[in-house]
**Student:** 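My structure is below; once you've seen it, I'll send some questions.
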Amino acid sequence: MTPLYILTKKEYVQMFREFKIIWLPLVFMFLGATQPVVTYYLPSILAALGGNQGITIDPSMTQQDGAQVIAATLGSQFDQLGIMIIVISMMGIIQSDKANGMLDFILTRPVKVGAYIGGKLLSNFSFIAISVMLGYFVSYVYVNFLFNNIPFLEMILAIVFYLIWVLFILCFTFMISTIFNGQGVIALISIVCLLIFKIFSGLHPIIDLLNPAGMSQHAMMVLITGSIDSHLYGNMFITLVWITLTVTFSHYWISEKKYHKN
Amino acid sequence: MKLHYGLNDFKDIDWLAVLQIAAPFIVVGLILILIALFDLYRHRNERSNVLLWTIVILFFNTIGPILYFTIGRKGEKPNEVRN
Amino acid sequence: MLKITNLKKGYGSKQILNGVELHVKKGEILGFVGSNGAGKTTTLNSITGILEPDEGTITINGIIKSGSTKYKKQFFFIPDTIHVFKNISGFDWIRFVMKLYDNDQTERMKHFITQFDMEEAMYKPMGTYSYGMLHKMMLIVGFTINPPIIIMDEPLNGLDPKSVLTFKKAIKLYIEEGGTVFFSTHLLDIAEKICNTVAILKDGKIILHEEIDKVVGENTLETIFMEKQNV
């Protein structure tokens, strides 16, 4: 049994004891269902409300394509509330270990910094990825039920691209959590930076190429257009480079003991 | 095509279909509320503002439990240091 | 065994360690004493890798200090602040720490659990433990793993008299099996009873490292310590 395996298991035990293992998937399932259901009932809701005020809306105007709805699940549910929930649930990933001495304890044992970081990232990413996929799957089922069918292959491709963006979200929060010591500061910096990345995606092709949030954009494009954009592989490669950089920097910060306050 | 809907038209809505779609929502919301309340009860001595959180969890559907899980457990120390 | 040469560490303008020189031989039970602020904890943190010193080298069994697991398997560190998971039972926690050392000597572990009178508490969550019990847990893991050197920071804090006796016996056995103990404390009478050598740290330097019998003679360690402090 390698330290990586032991530490990954320990993280899962902790998630289990905090009920995180139940509530995070449920929240993402809820987010996933919201978009199709709200979109489906929006015309009738608007009409019912508008009826009293004399405003009318042609229900056929707002009838949407299924692909657009599921793309909106990624773009407006997961990329807003979803990011905030991921960041807030992960902001203590290293910070709490620094604060309560667990980091010092682990690092005086025969455990490499790499194994420690690896265990944290492996456990948390696999868990978040499963939560996001569950939410996405719920959205997919609803869309197929309420709107039209979405090709299975495009559905799978889109979630794979989206998970790369999710991995970046996790690694970025991980790095911020390694550097800073206050939970509020960590959450604020991470959420603001990630939302800025998100806002800048889709503005300009060159910016998109360098922007990790471009992966989310590509995932949505695969769903809507059904074809892969030519910039996707470049963007994927650069996003993976960003991920490597954040992890390497965290590794450096911990192994050089930069986290000590004095 | 009818363009004006009044409140009376709600009668015409197929409630069974609505229920089919809404049921998963209600179930997920209920589970979240139950877990949050259970966790709050289990740690009632360590949390601050227990009553406030009970109200938030119960009355702010879904958002309440999420808030509780993310920021309501600040006081919790799953790990502890003794000196 | 443990060799420290020219260890220096400062925070800003404040110099804590001014070139610590210490050579601990195999079989020593070293009492590492010094007044508050002399740099005991900084020295321990430098050896165990919590801190990076500014200057100097540290080797254990000829292995130079680094982040490698090979170096970290040479010692077992018992800090004075002990980190626990509140909801996990003592037994699970011991097994977790032992796995980090790639050690599964369950029989040996159970032997020490019995010795330290911890059988009943083992299955309770660690949040209910007292400070002394937490220290006993660390001692159980330390003696089970049986590393070349055990480094302890105030190991007897919170221990009841019976456990202190068990501790002495366990240390004796451990030394017979070829171990070395680095025992940082400010309780001089205990150091005098348990240790066979003593090192005094003053203003970031070792001012004395000698066998206890040779130092003590007719005076107690306390008087000698006070004499050295006032030089």
Side-chain angles (χ1 to χ4, degrees), chain A residues 1-22 92-120 123 178 181 247-262, chain C residues 9-12 14 16 41-42 44-54 60 63 65-89 92-93 95-104 125 127 134 138 141-142 145 147 150-153:
Chain A
M1 284 205 279
T2 61
L4 180 69
Y5 170 79
I6 299 159
L7 292 169
T8 308
K9 203 176 132 195
K10 181 206 121 213
E11 290 293 312
Y12 266 105
V13 170
Q14 265 178 305
M15 282 186 232
F16 195 76
R17 282 173 192 274
E18 289 168 22
F19 290 125
K20 207 188 230 174
I21 212 141
I22 305 174
I93 186 166
I94 298 293
Q95 181 270 341
S96 61
D97 274 11
K98 283 189 292 189
N100 62 29
M102 182 65 187
L103 187 54
D104 282 342
F105 182 86
I106 290 285
L107 293 184
T108 53
R109 312 296 139 190
V111 173
K112 283 203 171 109
V113 177
Y116 172 76
I117 294 178
K120 285 264 178 199
S123 52
T178 310
N181 292 318
V247 175
T248 315
F249 189 78
S250 311
H251 187 286
Y252 162 80
W253 201 264
I254 295 175
S255 51
E256 290 297 311
K257 318 289 184 318
K258 298 269 189 206
Y259 58 88
H260 277 284
K261 278 167 197 156
N262 38 19
Chain C
K9 175 79 190 173
Y11 297 110
K14 202 179 158 209
I16 308 279
T41 306
T42 311
L44 287 185
N45 286 349
S46 301
I47 300 170
T48 52
I50 295 173
L51 278 180
E52 289 302 324
D54 300 335
I60 300 180
I63 299 161
K65 183 197 162 180
S66 65
S68 71
T69 49
K70 197 180 168 200
Y71 174 77
K72 288 184 175 161
K73 274 196 176 169
Q74 300 302 314
F75 66 85
F76 184 83
F77 177 48
I78 305 179
D80 67 337
T81 40
I82 294 174
H83 174 93
V84 298
F85 304 103
K86 227 159 113 184
N87 299 325
I88 289 176
S89 76
D92 287 344
W93 185 84
R95 285 244 300 266
F96 166 69
V97 181
M98 279 174 60
K99 275 184 209 156
L100 292 180
Y101 284 86
D102 208 6
N103 184 308
D104 54 358
L134 291 176
M138 287 301 276
V141 187
I145 288 165
I150 297 184
I151 300 169
M152 313 176 189
D153 199 359

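In the text below, chain A, chain B and the rest are named by the order of the sequence lines, each starting its count at 1.
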**Student:** Roughly how far apart are A:T108 OG1 and C:I47 CD1, rounded to 0.5 Å?
**Tutor:** 12.5 Å

**Student:** Heavy-atom pairs under 4.5 Å with chain C - which of A:V113, A:L103, A:I106, A:L107 has more of them than the others?
**Tutor:** A:L107

**Student:** Is there a side-chain contact between A:L7 and C:F96 (heavy atoms, below 4.5 Å)?
**Tutor:** yes

**Student:** Could you pull out the closest heavy-atom pair between C:E52 and A:S255, with the gap in Å?
**Tutor:** OE2-O, 4.4 Å

**Student:** I'd like to know if the side chain of A:R109 and the backbone of C:F77 have a donor-acceptor N/O pair within less than 3.5 Å.
**Tutor:** yes

**Student:** On a heavy-atom basis, which atom in C:K72 and which in A:V111 lie closest, and how many Å separate them?
**Tutor:** NZ-O, 4.4 Å

**Student:** For C:F75, which atoms come within 4.5 Å of any heavy atom of chain A: side chain, backbone, both, or neither?
**Tutor:** side chain

**Student:** Check whether any side-chain heavy atom of A:K112 lies under 4.5 Å from a side-chain heavy atom of C:T69, and answer yes or no.
**Tutor:** yes

**Student:** With a 4.5 angstrom heavy-atom cut-off, which part of A:K10 approaches chain C: side chain, backbone, both or neither?
**Tutor:** side chain

**Student:** Taking every heavy-atom pair that is under 4.5 Å apart, which of C:N45, C:T48, C:I50 has the most such pairs with chain A?
**Tutor:** C:I50

